[in-house]
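For clarity, every value in this text was computed on a predicted model and none was experimentally measured.
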Amino acid sequence: MRDELLVLFGNGLVGITFPFMIVQPQQKMTMNINKITFAIIAFVGILLMTVGCSEGKKGITYDLADYSIENCTMEAHQIDSLLIIPQGIYAYKDYIIVLEPKRNDSLLSVFSRKDFKYLFSGLSKGRAKNEMLSMRNDFFSYTDSSFFLQERNVIKEFKIENDSVLYIGKDEIKLPDVLNHVLRVGHKRYITAGITDGTGNEHFLYSNGKYEGFGDYPEPKPEGISNFYLNNSMSAGMEGKDRMWDFSRGQDLVRGYDLDGNLMETVNIANNKRKTATNAEDDYNLCYYRISWNKSHIAVMYNGVLPRNEYFSLDLSDRPWELQIWSWGGKLERRLKLDRAFSMYTLSDDNVLYAMEPDNPCVIYTYDLK
């Protein structure tokens with residue numbers, strides 16, 4: 001025989017049971033008080049554990065109608081060096097580093113952030129440890145003393161000294177597939193995209209030679225295509241941060257994970273101006289599609305109007321995109337509409353945006369976010 005105390009918990013009642021004990025009359029009051037005290041303690045403990053487990057996972061919604069778009073005019077800066085095929089621009093300390101992976105000689109050029117003066121070119125193409133044979137243009141990571149570039153499944157560390165690029169070391173990342181969408185989030189600690197066929201988890205966490213998958217692809221998953229190509233995310237993460245952020249390519253969704261791969265935040269974007277794709281003629285939604293970040297903010301390109309195919313059928317200058325500025329705490333702070341149609345951009349640690357247009361590589365555009 002058991003006694004049961006019912007307490008209100010969540011949306012219903014929870015019964016906490018106790019063994020029935022025969023006691024003397026003079027013990028009954030003491031026993032009842034003890035049982036009630038135990039029940040209260042147990043209830044509070046369960047409540048705290050539940051709140052702790054669900055903290056940060058509750059979905060919040062940002063309605064874009066509550067955020068006005070800022071129309072911004074960028075400054076143009078002529079550079080005194082001819083870039084042939086620039087494919088990536090990155091701000092690092094007092095430098096602007098422009099990557100040209102398709103060149104046969106120097107793979108990067110360095111400019112001054114102060115006056116945009118050309119300083120030097122470096123990093124030869126080749127197989128030596130201080131060279132690169134196939135440099136990715138979509139990976140760049142840095143610390144206060146060095147920066148990192150990707151060559152296939154190898155991350156190489158360099159520093160700038162005496163107008164030269166000097167090799168420091170490398171990390172080789174071994175995964176069951178090619179290495180894509182890499183984030184360096186700590187010493188020998190990386191987050192990458194999952195398997196390219198779209199099965200399994202969206203990400204791998206790689207640390208000290210071992211890897212494990214985490215993160216589910218957003219629901220609903222599009223039919224007839226691989227999750228990897230149109231249902232994946234643009235991700236931000238760096239050493240010194242306790243979160244990485246996923247900005248969904250095909251859905252109005254932002255998610256934050258801790259560096260152990262646990263989902264901590266879910267942010268939904270309410271957008272009443274989107275023309276939803278019908279999935280006919282191989283057309284799909286396109287939301288977030290380019291990203292850059294610094295130590296304080298994340299700057300991500302967002303299409304809030306057209307389906308994917310219709311969007312990319314337009315000239316670069318006609319596409320209805322905006323640049324959203326987010327904090328590392330997962331808060332949407334600003335929506336910017338810039339007057340230049342650029343495809344490459346970077347955000348310096350003092351919050352200056354640098355950008356280049358693909359058809360005009362002799363100009364670097366800037367906008368001060370401060």
Checklist entry - Is it true that atom CG of D105 has more than 12 heavy atoms of other residues, nucleotides or ligands lying nearer than 6.0 Å? => result yes
Next on the checklist: Closer than 3.5 angstrom, by distance alone: can the side chain of D246 be matched with the main-chain N or O of S235 as a donor-acceptor pair?
Outcome noted: no
Item to check | Lys/Arg-Asp/Glu bridge criterion (N-O < 4.0 Å) met for E310, R308 | outcome: no
Item to check | Path from V185 to Y92 over hydrophobic side-chain contacts below 4.5 Å | outcome: yes
Checklist entry - Cut-off 3.5 Å, side chains only: do Y142 and Y90 have a donor facing an acceptor? => result no
Checklist entry - Are D368 and R113 within salt-bridge range, i.e. N to O under 4.0 Å? => result no
Next on the checklist: A quick test of your reading: do over 12 heavy atoms of other residues, nucleotides or ligands sit less than 6.0 Å from CG of D197?
Outcome noted: yes
Item to check | Plane angle bin for Y354 and F116 - parallel if under 30°, tilted between 30 and 60°, otherwise perpendicular | outcome: tilted
Checklist entry - Salt bridge or not for K170 and E151, using N-O below 4.0 Å? => result no
Checklist entry - Do any N or O atoms from the side chain of E100 and from the backbone of I84 form a donor-acceptor pair under 3.5 angstrom? => result yes
Checklist entry - Taking the side chain from S317 and the backbone from A341, do they hold a donor-acceptor pair closer than 3.5 Å? => result no
Next on the checklist: Against D177, only a single residue in N153, T196, T192 fulfils side-chain hydrogen bond (donor to acceptor under 3.5 Å, both in side chains); can you say which?
Outcome noted: T196
Checklist entry - Distance-only, no hydrogens or angles: does the E322 side chain make a donor-acceptor pair with backbone N or O of K337 under 3.5 Å? => result no
Item to check | Plane angle bin for Y288 and F247 - parallel if under 30°, tilted between 30 and 60°, otherwise perpendicular | outcome: perpendicular
Checklist entry - Can a cation-pi geometry be assigned to R184 and F148, taking NZ or CZ under 6.0 Å from the six-membered ring centre and within 45° of the ring axis? => result yes
Checklist outcome for this item: From the list K295, K93, K159, salt bridge (charged side-chain N to carboxylate O under 4.0 Å, His left out) with D144 holds only for K295
Next on the checklist: Does the plane of the ring in Y289 sit parallel, tilted or perpendicular to the ring in Y311? Use 30° and 60° as the thresholds.
Outcome noted: perpendicular
